[in-house]
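Quick notes on the structure that follows.
Letters go in sequence order (proteins before strands), and every chain restarts at 1. Everything numeric here is computed off the predicted structure, so don't read it as measured data. The figures here come from the full heavy-atom set of this structure, side chains too, leaving out hydrogens, waters and symmetry mates.
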Amino acid sequence: MENGSLPMFWDFEFTFEVMPSLLGGLWVTVQLTLIGYLIALTLGLLIAIVRRVPILGSVVHFVMEFIRTTPLIIQVVFVFFLLPASLAIPLLGDVPITAFTVGVVVLGIHYAAYTAEVYRSGIEGVAKGQWEAARALSLPTSRTWGAIVLPQAIRKVIPALGNYLISMFKDTPLLFAIGVAELLTRAQRIGSESFRMMEAITLVGVLFLLVSIPSAIVIRRLEKRYVAV
Amino acid sequence: MEFLQAQLPRYLDGAWITIQLTLGGAILAFVLAMLFGIMGTARFWILRAITTVYVEVFRGIAALVVMFWFVFAIPDMSGYELDPMFAAILALGLNVGAYGAEVVRAALNAVPRAQVEATIALNLSWFQRMRLVVLPQAWAQMLPTFGNLIIELMKATAVVYLVGILDLTAVAREVRTGTGETIAAFGIAFVLYYLIAQVLIFGMRLLERRANARLGRTPPSGGGLMNLLRPPSVGTRVGVAK
């Protein structure tokens with residue numbers, strides 16, 4: 001209100017001033033997403049395979065169901081509170097238990113519960129004859145999975161897995177809860193220091209859209225390419 | 001046990017707030033999903049364009065960011081403060097509604113073309129066509145995905161403690177600060193969240209069964225009530241709301 005005749009809803013000078021810090025936050029967000037996604041992809045695959053083991057599989061299934069039906073944010077906060085007090089510190093060796101590490105690992109595990117289901121549907125979609133053929137050729141288990149089942153199963157679920165990449169990206173602001181210096185955390189800090197929340201929070205929204213809309217388009221392309229086969 | 005006895009009332013208060021947020025968000029999301037979903041199948045391009053903008057914007061931005069915007073940015077700009085509970089339901093409803101609108105649109109488009117043509121041949125009005133022919137069929141198709149969305153919505157409510165609402169997560173944090181018992185404090189909250197989710201899953205299954213029965217479809221493996229208790233499986237579909 002103070003400078004100019006129009007009411008100051010938006011301060012462009014301030015926008016440019018805070019942009020570098022916010023872009024830094026976006027970079028942290030991207031790192032969180034990518035590392036978390038790698039964890040989700042590998043752990044999810046392991047879980048999908050373990051779920052086929054009789055008793056262990058049921059236990060794992062229940063644990064995954066529990067993870068999927070409880071909020072991510074409380075899981076993150078819980079693990080963050082839990083870790084420094086428990087035995088986990090020496091186990092992790094030199095890796096410092098920072099909010100970033102906790103955030104990325106919990107994010108990865110949470111989404112592994114989802115990707116495991118996706119992998120499972122892919123594995124179940126592989127024709128029975130493929131298993132039987134592998135058996136008839138007396139391929140070892142590792143080759144059956146590695147060369148026959150998984151290549152067919154994974155190909156079909158690539159778009160579904162891609163959707164979870166976008167979901168994870170959109171879930172990273174939750175790590176504000178443990179103070180990971182991602183986009184929203186920085187914006188909130190900037191906003192409360194400068195008393196200009198409008199610009200900071202709106203920019204977070206805009207930056208999120210700038211990433212998530214193009215990636216949604218890419219996923220739609222992937223869908224056309226892989227599902228049609 | 002003593003811990004549980006002493007703290008349980010607080011947890012139940014928190015769970016009640018979580019349930020209120022879930023139901024409030026679900027009602028708003030449902031209305032928005034229906035409205036924008038039906039608009040998404042409209043003939044006028046401008047209506048479809050409005051739907052696309054709504055869906056892409058609110059699917060693209062996390063509910064937490066929208067909530068922060070309502071709670072922190074709006075007072076900053078206008079001087080008026082929104083009630084946090086209202087802001088939270090608004091943010092959650094707008095977010096899940098965007099996912100829901102896509103579900104509604106897809107389900108409406110999946111109703112066989114001949115059904116619509118038949119209603120035109122019978123000279124039914126637009127409202128009659130929707131109410132009597134299109135929606136009952138689309139409804140059965142929407143429900144399984146709606147079931148996943150309401151679980152995602154319930155989980156998404158946990159972020160509200162960041163704007164100062166005393167939900168289940170907030171209670172867990174407070175109890176932990178008060179007692180120092182991290183595992184017990186959070187464990188009770190986890191179990192309550194799990195139970196709420198199971199009730200929601202069960203309720204959605206009942207609705208699904210009713211919708212299918214009304215269309216003359218019976219569940220694949222008999223129709224006993226026990227069938228509803230088969231191990232739940234949520235969130236396997238694409239499109240997750242948070």
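Between Glu152(B) and Lys170(A) no salt bridge is recorded (no basic side-chain N to carboxylate O distance below 4.0 Å). Ion pairing of Arg120(A) with Glu117(A) is present here, as a side-chain N (NZ or NE/NH1/NH2) and a carboxylate O approach within less than 4.0 Å.
Side chain to side chain, Arg105(B) and Thr41(B) fail the donor-acceptor criterion of an N or O pair below 3.5 Å.
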>> Please evaluate residues Phe58(B) and Tyr54(B) with respect to the criterion ring-ring contact (aromatic ring centres under 6.0 Å, His included), reporting the C-alpha separation (whole Å), side-chain torsions for both, the decisive distance (0.1 Å), and the verdict.
In response: CA-CA 6 Å; Phe58(B) 285 98; Tyr54(B) 165 68; 5.5 Å; yes
> Under the ring-ring contact (aromatic ring centres under 6.0 Å, His included) criterion, do Tyr193(B) and Phe66(A) qualify, and how do the steps go?
Replying inline: CA-CA 9 Å; Tyr193(B) 273 119; Phe66(A) 200 87; 9.9 Å; no
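Residues Tyr111(A) and Tyr114(A) place their aromatic rings such that the two centres sit under 6.0 Å apart.
For the options Leu192(B), Val66(B), Thr157(B), Ile183(B), heavy-atom pairs under 4.5 Å to chain A are most numerous at Ile183(B). Comparing Thr202(A), Val204(A), Val206(A), Leu207(A) by how many heavy-atom pairs each has under 4.5 Å with chain B, the most go to Thr202(A).
Closest heavy-atom contact between Leu47(B) and Met39(B): O-CE, 3.7 Å. Here the shortest heavy-atom pairing between Thr115(A) and Gly44(A) reads OG1-CA, 3.5 Å. Smallest separation of non-hydrogen atoms from Gly36(A) and Val104(A): N-CG2, 3.5 Å. When all heavy atoms are compared, the tightest approach of Gly93(B) to Leu28(B) is CA-CD2, 3.8 Å.
Within the 4.5 Å cutoff, the side chain of Val60(A) has no heavy atoms near those of the Val53(A) side chain. Within the 4.5 Å cutoff, side-chain heavy atoms of His110(A) are placed close to those of Lys155(B). Counting heavy atoms from C-beta outward, Leu107(A) and Tyr37(A) have side chains that stay 4.5 Å or more apart. With contacts defined as side-chain heavy-atom distances shorter than 4.5 Å, the pair Met204(B)/Phe146(B) qualifies.
For Glu81(B), there are no side-chain hydrogen bond (donor to acceptor under 3.5 Å, both in side chains) partners at least two apart in sequence or on another chain.
For Val57(B), the parts lying under 4.5 angstrom from a heavy atom of chain A are both the backbone and the side chain. For Ala73(B), the parts lying under 4.5 angstrom from a heavy atom of chain A are both the backbone and the side chain. For Thr172(A), no part lies near chain B; criterion is any non-hydrogen pair under 4.5 Å. In this structure, chain B has no heavy atom under 4.5 Å from any part of Ser121(A). In this structure, the portions of Ile74(A) lying under 4.5 Å from any heavy atom of chain B include both its backbone and its side chain. Using a 4.5 Å cut-off between heavy atoms, Phe195(A) touches chain B through its backbone atoms (N, CA, C, O) alone.
Using bins of under 30°, 30° to 60° and over 60° for the plane-to-plane angle, the ring pair Phe190(B)/Phe78(A) lands in the perpendicular bin. Ring geometry, Phe186(B) versus Phe81(A): the interplanar angle falls from 30° to 60°, so the pair is classed tilted.
For residues 167-175 of chain B, a heavy-atom distance under 4.5 Å to chain A picks out Thr169(B), Ala172(B), Arg173(B), given by residue number. Residues of residues 178-193 of chain A placed with any heavy atom under 4.5 Å of a heavy atom in chain B are listed by number as Leu184(A), Gln188(A). Within residues 8-19 of chain B, no residue has any heavy atom less than 4.5 Å from a heavy atom of chain A.
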